[in-house]
Q: 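One structure coming up, written as structure tokens, with questions to follow.
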2 protein chains.
Amino acid sequence: MLHDPAQLDLMFQALADPARRQMVDRLSRGPASVSQLAEPLAMSLSAVVQHLNLLEASGLVRTQKVGRVRTCQIDPRALRAAEHWINERRLSWERRLDRLGDFLAES
Amino acid sequence: MLHDPAQLDLMFQALADPARRQMVDRLSRGPASVSQLAEPLAMSLSAVVQHLNLLEASGLVRTQKVGRVRTCQIDPRALRAAEHWINERRLSWERRLDRLGDFLAES
DNA sequence: GCAACACTGAAGCATTTGCTTAACTATTGC
DNA sequence: GCAATAGTTAAGCAAATGCTTCAGTGTTGC
């Protein structure tokens with residue numbers, strides 16, 4: 001589910017925005033309410049909610065509402081999926097370089 | 001240089017587009033010319049060049065022109081920088097969970 | 001020389017994005 | 001009950017994005 005291209009698309013798109021990355025950064029230090037997430041950001045609460053909805057749709061963040069406060073937290077599995085995509089490509093490239101090195105050493 | 005927020009911004013933005021990720025994926029298997037990159041994509045060569053310029057500006061891809069063909073290859077350092085950003089946030093979150101677990105076990 | 005090739009750059013255009021404001025709903029504290 | 005709090009939703013708008021086409025430039029092969 002987390003590795004399907006559509007979800008990956010949403011994740012990288014979510015991470016593309018500086019404000020959203022700042023929100024993820026904040027959440028990496030612990031759960032926060034919407035207002036707490038908004039506090040360091042120079043934009044309306046409404047804008048923050050829109051960013052948050054994207055983050056949630058991407059799977060990077062999970063939220064639950066208790067009373068009137070919505071508490072947000074990171075879902076590390078989604079972060080791991082994004083990490084994994086990048087890592088695989090980098091390793092693929094580096095393994096290729098290694099093989100090339102071996103080949104040149106042999107000849 | 002690779003870790004400054006502006007560069008990180010460009011990298012994640014570059015990775016946000018499916019066509020550009022497909023190009024990175026292709027390049028992870030080895031260098032390619034612009035036309036080779038374009039071949040599997042359902043868009044004009046001109047569009048591919050525009051994507052490529054973004055990838056290059058982000059630092060993810062390096063290119064060099066020999067004669068009339070521009071050969072592209074991945075720069076693994078940029079991939080590593082993006083990977084690193086995600087990894088740090090995930091680890092930060094997971095360490096927090098661990099400490100919480102320890103605390104609960106103690107009490 | 002000159003045609004085919006491999007791009008490159010600019011202009012234009014529809015769509016998407018990242019906000020804003022304003023009006024609204026649902027909780028909470030007193 | 002009712003004001004303050006916490007968030008939600010919709011409408012609107014300027015700017016950015018992802019294309020397109022078309023008209024180039026420089027390179028290569030014959």
Side-chain angles (χ1 to χ4, degrees), chain A residues 5-27 30-75 78 82, chain B residues 5-27 30-74 82:
Chain A
Q7 198 69 15
L8 220 45
D9 227 72
L10 290 172
M11 282 189 286
F12 279 114
Q13 201 154 28
L15 289 174
D17 187 86
R20 286 191 295 265
R21 274 208 313 287
Q22 206 178 325
M23 290 166 76
V24 168
D25 187 51
R26 166 64 188 80
L27 289 174
S33 69
V34 176
S35 317
Q36 284 175 324
L37 275 183
E39 194 264 321
L41 297 170
M43 65 181 72
S44 72
L45 188 61
S46 183
V48 172
V49 170
Q50 289 170 60
H51 281 306
L52 184 56
N53 289 339
L54 242 169
L55 282 170
E56 199 171 11
S58 79
L60 287 165
V61 168
R62 312 188 118 262
T63 76
Q64 55 188 17
K65 199 157 183 176
V66 176
R68 66 187 163 180
V69 3
R70 181 164 156 206
T71 306
C72 314
Q73 45 180 250
I74 280 185
D75 188 337
Chain B
Q7 198 68 16
L8 221 46
D9 227 72
L10 290 173
M11 282 190 284
F12 278 114
Q13 200 154 28
L15 289 174
D17 186 86
R20 286 192 295 265
R21 274 207 312 286
Q22 206 177 324
M23 292 166 74
V24 168
D25 186 51
R26 164 64 189 81
L27 289 175
S33 70
V34 177
S35 318
Q36 285 174 325
L37 275 183
E39 196 263 321
L41 297 170
M43 65 181 71
S44 73
L45 189 62
S46 184
V48 172
V49 171
Q50 288 171 61
H51 281 306
L52 183 56
N53 289 340
L54 242 168
L55 282 169
E56 200 171 9
S58 78
L60 287 164
V61 169
R62 311 189 116 263
T63 76
Q64 56 189 20
K65 198 156 184 177
V66 176
R68 65 184 164 183
V69 3
R70 179 164 158 206
T71 306
C72 314
Q73 45 178 249
I74 280 185

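Residue numbers start from 1 in every chain, and the chains themselves are labelled A, B, ... in the order their sequence lines are given, proteins ahead of strands.
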Q: Using whole Å, what does the distance between atom C1' of nucleotide D/dT8 and atom NE2 of A/His51 come to?
A: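 About 16 Å, once rounded to whole Å.
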Q: Within the structure provided, determine whether B/Leu37 and B/Leu27 are in side-chain contact (heavy-atom separation under 4.5 Å).
A: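 Result yes, sub-4.5 Å side-chain heavy-atom pair found.
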Q: How close or far is atom P of C/dC13 from atom CD of B/Gln50, stated in whole angstroms?
A: 16 Å
Q: Within a strict 4.5 Å, meaning less than it, do heavy atoms of the A/Met43 and A/His51 side chains meet?
A: yes
Q: Could you tell me which non-hydrogen atom of B/Leu10 sits nearest to which non-hydrogen atom of B/Ala57, and how far apart they are?
A: CD1-O, 3.8 Å
Q: For a quick check, tell me whether the side chain of B/Ser46 and the base of D/dT21 share a donor-acceptor pair closer than 3.5 Å.
A: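 For B/Ser46, whose side chain was compared with the base of D/dT21, there is a donor-acceptor pair (under 3.5 Å).
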Q: Using whole Å, report how far CG of B/Leu45 lies from P of D/dT25.
A: 18 Å
Q: Between C/dG18 atom P and A/Met23 atom CE, what is the distance in whole Å?
A: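 Checked: the CE to P distance equals 12 Å.
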Q: Between B/Val24 and B/Ile74, what is the shortest heavy-atom contact and its length?
A: O-CD1, 3.4 Å
Q: Are side-chain heavy atoms of A/Pro40 and A/Arg26 found at a separation under 4.5 Å?
A: no
Q: Less than 4.5 Å apart, any side-chain heavy atom of B/Glu56 and any of B/Arg70?
A: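 Result yes, sub-4.5 Å side-chain heavy-atom pair found.
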Q: Show the nearest heavy-atom pair for residues A/Asp9 and A/Ala6, with the distance to one decimal.
A: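 Residues A/Asp9 and A/Ala6, closest heavy atoms: CB-O, 3.1 Å.
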Q: Tell me which residues in residues 7-20 of chain B put a heavy atom below 4.0 Å from DNA chain D, sorted by number, or none.
A: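 Under 4.0 Å from DNA chain D: B/Gln13, B/Asp17, B/Arg20.
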Q: Rounded to the nearest 0.5 Å, what separation is found between the CG atom of B/Leu8 and the CZ atom of A/Arg21?
A: 5.0 Å
Q: Report yes if at least one side-chain N or O of B/Ser44 is closer than 4.0 Å to OP1 or OP2 of D/dC19; otherwise report no.
A: no
Q: Does a side-chain heavy-atom distance below 4.5 Å link A/Gln13 with A/Leu54?
A: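 Contact flag for A/Gln13/A/Leu54 side chains = no.
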Q: How many Å lie between CD on A/Gln22 and P on C/dC19, as a whole number?
A: 11 Å
Q: Please give me every residue in residues 52-74 of chain A whose heavy atoms get under 4.0 Å of an atom in DNA chain C, ordered by residue number.
A: A/Gly67, A/Arg68
Q: Measuring only between side-chain heavy atoms, which start at C-beta, is A/Ser46 closer than 4.5 Å to A/Gln50?
A: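 Touching, per the 4.5 Å side-chain cut-off.
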Q: Testing the basics here: between A/Gln73 and A/Pro31, what is the closest heavy-atom pair and its distance to 0.1 Å?
A: NE2-CG, 4.2 Å
Q: Please give the angle, rounded to 10 degrees, between the axes at the start and the end of the helix from C/dG1-D/dC30 to C/dC30-D/dG1, where five pairs define each axis.
A: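 Both end axes considered, the difference amounts to 30°.
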